[in-house]
Amino acid sequence: MSATDRAVRTAEADELCVAAYTRCAGPDVGTALIAVGGYGRSELAPYSDLDVVLVHDDALDGAAAEAARLLGEQVWYPLWDAGAKLDHAVRSLSQMAAAAEDDLRVALGLLDIRHVAGDPNLTLRLRTQMLAHWRRDARSRLPELRELVRQRHQLVGELAHLSIPDIKEAEGGLRDAVVLRALVATWLVDVPHADLERSRQELLDVRDAVQHLAGRATDRIGPELWGELAQRLGHPDALAAQFRVRGLGRRITHLSRLAWRRTRHVIDRPTSATGPRRPELRNVAPGIAISSGEVVLDAGTSPSLDPLLLLRAAAEAAERDLVLAPTTAARLVREGMPLGDPWPVEARELLVRLLAAGRGLLPVWETLEETGALDQLLPEWERIRLLPHASAIHRFTVDRHVVETCIEAAALIRHASRPDVLMLAALLHDIGKGGATSHSVEGEPIARTITTRMGFDPATVEEIATLVRWHLLLSETASTRDPDEPATVGLVTQHIASVETLMLLRTLTEADARAASPQAWTTWRAGLVDQLVRHAARAIERPDLPLTPRPEAKVELPRELRRGKANL
């Protein structure tokens, strides 16, 4: 599957349309047969419809306009006879403009007009008019488009994380790539064209392969298709194919979020009667400034002189919920100084600030990942990048779940005696996934290696490693055993030696569950965990006192939970 195959399908469809138009004596002046949508972009999939419109000039008199309508009916029948599936219409130029004014989806489709047969000058006039109207009305229409995109994302989900990805409608899919092209057509914002086009073409290849395998028009990849899809696309196995497709979705998602952030900044900025002004730099930290709503390097700053610039820029962007300019991050990767081994104290502080920034962390983390900066800061991240979760309770891939856990932990940070320990444990709690044994067991030594390299003292390294090793302890124990039983409490206290660590573990447990899914942290489960934590804290502080729970505090567990096992 390739762009060449799509070009061949488009050329064959064009031949059918031209032959039908010619056979019906379609005029060379005043009427044109045009392609719109995917057909207009010459991107026909194996089972695509042909989106065509027969357009006629408004200058035609009533009889000529009626003749154009009849011509349309004559043109469609040969195409149907040839087996083509049509989405067709007959419109005047003014009707096309009115339809675009009334329906934003129509306006988007008309940005991809392509001449097929008849009067090429009429097609050129229509295309020029549609683009001019789109650019003229962009500031007023883009908020509506943003809302349509948001609703679609909410309804369908994100391509990188869906168990059955929809490569067209999901966030990061082909529909978003088309919207990005429309944003670029406004001339208000720009998108890295090479990155977008490369990802878009590869995702089109995926769609073509999926439709060939399914034997019908579909944009969804069922679990049974990954193996054959891998063979068709040249990937070694089904998991590699998943990684690639989800990675493409994540790349388009990143470009889309970046473009919309920039679009919002442009729309919200008052227009100047004197024309565009040169962006101003406002210094916010050593070597770091804000320009046009993005965190960038300050004028005259040399990346080779300050190894903290990358973390400082990331922390400032996340805390302020601003864009970390990808060009800035990429430059710091190319030209920046290494942090060294171990990291300096300020580097650790900046990392904790970044992780504790809340919702502003996600877009900044995506930029670090897409620009290769994360490979420098945390090379072990590659272990969990785009890794699917084995448990159906999880709504995200492992790496995104980790970021969401940090966001949830940041909301609970006021409960933490050691915010730095909590945030590092949140970052590293699933770093062992993808291995051959228990991810908690595998993650513990990896966490030790990472935090030692970051320069944490041995006691802190040990506490973070303990939290990583036992991050499932409270949820599994409280959900499968009676939290009032001394033996149950003993399962906790034999691994957790201090009340401080216990309370950090309690906070990490909640953050981990909330990041997994809204259903993973219920009032019932929180009550069980808190009951177990109270008993364990008392046992750690006063091991000489026996556990004597009040009878009314007993909790009867459902049979399936006594038999089952939670896996967060």
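All values reported here derive from a predicted model rather than from experimental measurement.
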To the nearest 0.5 angstrom, please state how far the CG atom of Asp482 sits from the CG atom of Leu528.
9.0 Å
Would you say the side chain of Thr488 lies within less than 4.5 Å of the side chain of Leu532, judging by non-hydrogen atoms?
yes
In this structure, are over 12 heavy atoms from other groups packed under 6.0 Å from Arg175 atom CZ?
no
Show your working on side-chain hydrogen bond (donor to acceptor under 3.5 Å, both in side chains) between Glu335 and Ser304 and close with a plain yes or no.
CA-CA 6 Å; Glu335 305 175 21; Ser304 62; over 6 Å; no
Close side-chain approach of Leu362 to Ile407, heavy-atom, < 4.5 Å:
yes
Quick one, Glu444 and Thr466 - any side-chain contact, counting heavy atoms below 4.5 Å?
no
Nearest non-hydrogen partners of Pro303 and Arg331, listed with the distance:
CD-NH2, 3.6 Å
Where Leu308 and Ala347 come nearest, the two heavy atoms and their spacing
CD2-CB, 3.6 Å
Charged N to carboxylate O under 4.0 angstrom, Arg385 versus Glu369?
yes
Could you grab the distance from atom CD1 of Ile464 to atom CG of Leu424, nearest 0.5 Å is fine?
4.0 Å
Hey, could you give me the CZ/CG distance between Arg359 and Asp321, rounded to the nearest 0.5 Å?
10.5 Å
Expected output: side-chain Thr507 to main-chain Met503 donor-acceptor under 3.5 Å
yes
May I ask you to decide whether Glu510 forms a salt bridge with Arg514, counting only side-chain N to carboxylate O separations under 4.0 Å?
yes
For Ile290 and Arg320, which heavy atoms make the closest approach, and how far apart are they?
CD1-CD, 3.8 Å
Criterion side-chain contact (heavy atoms from CB on, under 4.5 Å) on Ile164 and Ile221, from CA distance to verdict:
CA-CA 6 Å; Ile164 301 179; Ile221 308 177; 5.7 Å; no
Considering the options Lys433, Arg448, Arg453, which one meets the salt bridge (charged side-chain N to carboxylate O under 4.0 Å, His left out) requirement together with Glu380?
Arg453
For Asp298 and Thr301, indicate whether the former's side chain and the latter's backbone hold a donor-acceptor pair under 3.5 Å.
no
Can you measure from CZ (Phe456) to CD (Glu462) and round to the nearest 0.5 angstrom?
14.5 Å
So, do Val492 and Leu505 sit near enough that their side-chain heavy atoms are less than 4.5 Å apart?
no
Hey, is Arg198 close enough to Glu202 for a salt bridge, meaning N to O under 4.0 Å?
no
Go through it in stages, so that I can follow the logic: the residues are Leu427 and Leu378, the test is side-chain contact (heavy atoms from CB on, under 4.5 Å), and I'd like the CA-CA distance, side-chain angles, deciding distance and then a yes or no.
CA-CA 10 Å; Leu427 176 67; Leu378 189 61; 4.2 Å; yes
Here the pair of heavy atoms bringing Ile288 nearest to Asn283 is O-ND2, 3.3 Å
Scan His439, His161, His429 and name whichever one has a ring-ring contact (aromatic ring centres under 6.0 Å, His included) with His401.
His429
Is there a salt bridge (Lys or Arg N to Asp or Glu O under 4.0 Å) between Glu370 and Arg251? Walk through the geometry before answering.
CA-CA 7 Å; Glu370 291 295 333; Arg251 181 60 179 161; 3.1 Å; yes
Look at Asp166 together with Lys168 and state whether they make a salt bridge at an N to O cut-off of under 4.0 Å.
no
Looking at Glu158 and Arg250, is any side-chain nitrogen of the basic one under 4.0 Å from a carboxylate oxygen of the acidic one?
no
Might you work through the side-chain hydrogen bond (donor to acceptor under 3.5 Å, both in side chains) test for Gln211 and Arg207, ending with a clear yes or no?
CA-CA 6 Å; Gln211 292 195 6; Arg207 182 190 64 177; 5.7 Å; no
Taking atom CD of Gln154 as the centre, report whether more than 12 heavy atoms of other residues, nucleotides or ligands fall under 6.0 Å from it.
no
With distance as the sole test, does Asp176 use its side chain to make a donor-acceptor pair with the main-chain N or O of Gly172 at under 3.5 Å?
yes
Under the 3.5 angstrom rule, does the side chain of Arg383 hit a backbone N or O of Gly432 as a donor-acceptor pair?
yes
Minimal heavy-atom distance between Ala357 and Glu319, with the atoms involved, is CB-N, 3.8 Å
Give the C-alpha distance, both sets of side-chain angles, the deciding distance and a yes or no for salt bridge (Lys or Arg N to Asp or Glu O under 4.0 Å) between Glu404 and Arg400.
CA-CA 6 Å; Glu404 293 289 334; Arg400 172 67 178 276; 2.9 Å; yes
With rounding to the nearest 0.5 angstrom, report the CG to CG distance, Leu354 to Leu368.
6.5 Å
Donor-acceptor pair, side chain of Asp399 and main chain of Leu386, under 3.5 angstrom
yes
Other residues, nucleotides, ligands: >12 heavy atoms within 6.0 Å of Arg152 CZ
yes
Does the Ser475 side chain pair with the main chain of Leu472, one donor and one acceptor, at a distance under 3.5 Å?
yes
Determine yes or no for a side-chain-to-main-chain donor-acceptor pair under 3.5 angstrom, with Thr367 supplying the side chain and Pro363 the backbone.
yes
Do any N or O atoms from the side chain of Gln376 and from the backbone of Val333 form a donor-acceptor pair under 3.5 angstrom?
yes
Verdict with supporting geometry, Thr460 and Asp457, side-chain hydrogen bond (donor to acceptor under 3.5 Å, both in side chains):
CA-CA 5 Å; Thr460 301; Asp457 63 83; 2.9 Å; yes
Would you indicate whether the side-chain heavy atoms of Ile431 and Val402 approach each other to under 4.5 Å?
no
Between Pro286 and Arg312, is any pair of side-chain heavy atoms under 4.5 Å apart?
yes
Compare all side-chain heavy atoms of Pro342 with those of Thr452 and state whether any distance is below 4.5 angstrom.
no
For the CG atom of Leu351 and the CD atom of Glu346, what is their distance to the nearest 0.5 Å?
12.5 Å
I'd like to know if the side chain of Thr501 and the backbone of Ala497 have a donor-acceptor N/O pair within less than 3.5 Å.
no
Note, Asp530 side chain near Arg506 side chain (heavy atom, < 4.5 Å)
yes
Step-by-step side-chain hydrogen bond (donor to acceptor under 3.5 Å, both in side chains) determination, Thr253 to Glu171:
CA-CA 6 Å; Thr253 295; Glu171 183 174 6; 4.8 Å; no
Shortest non-hydrogen separation from Val296 to Ser291 and the atoms involved:
CG2-CB, 4.0 Å
Is there a donor-acceptor contact under 3.5 Å from the side chain of Arg216 to the main chain of Leu213?
no
Tell me, with the steps shown, if Thr509 and Leu473 meet side-chain contact (heavy atoms from CB on, under 4.5 Å).
CA-CA 9 Å; Thr509 299; Leu473 180 63; over 6 Å; no
So Arg244 and Leu248, side-chain contact (heavy atoms from CB on, under 4.5 Å) or not? Walk me through it.
CA-CA 6 Å; Arg244 187 58 189 165; Leu248 292 170; 3.9 Å; yes
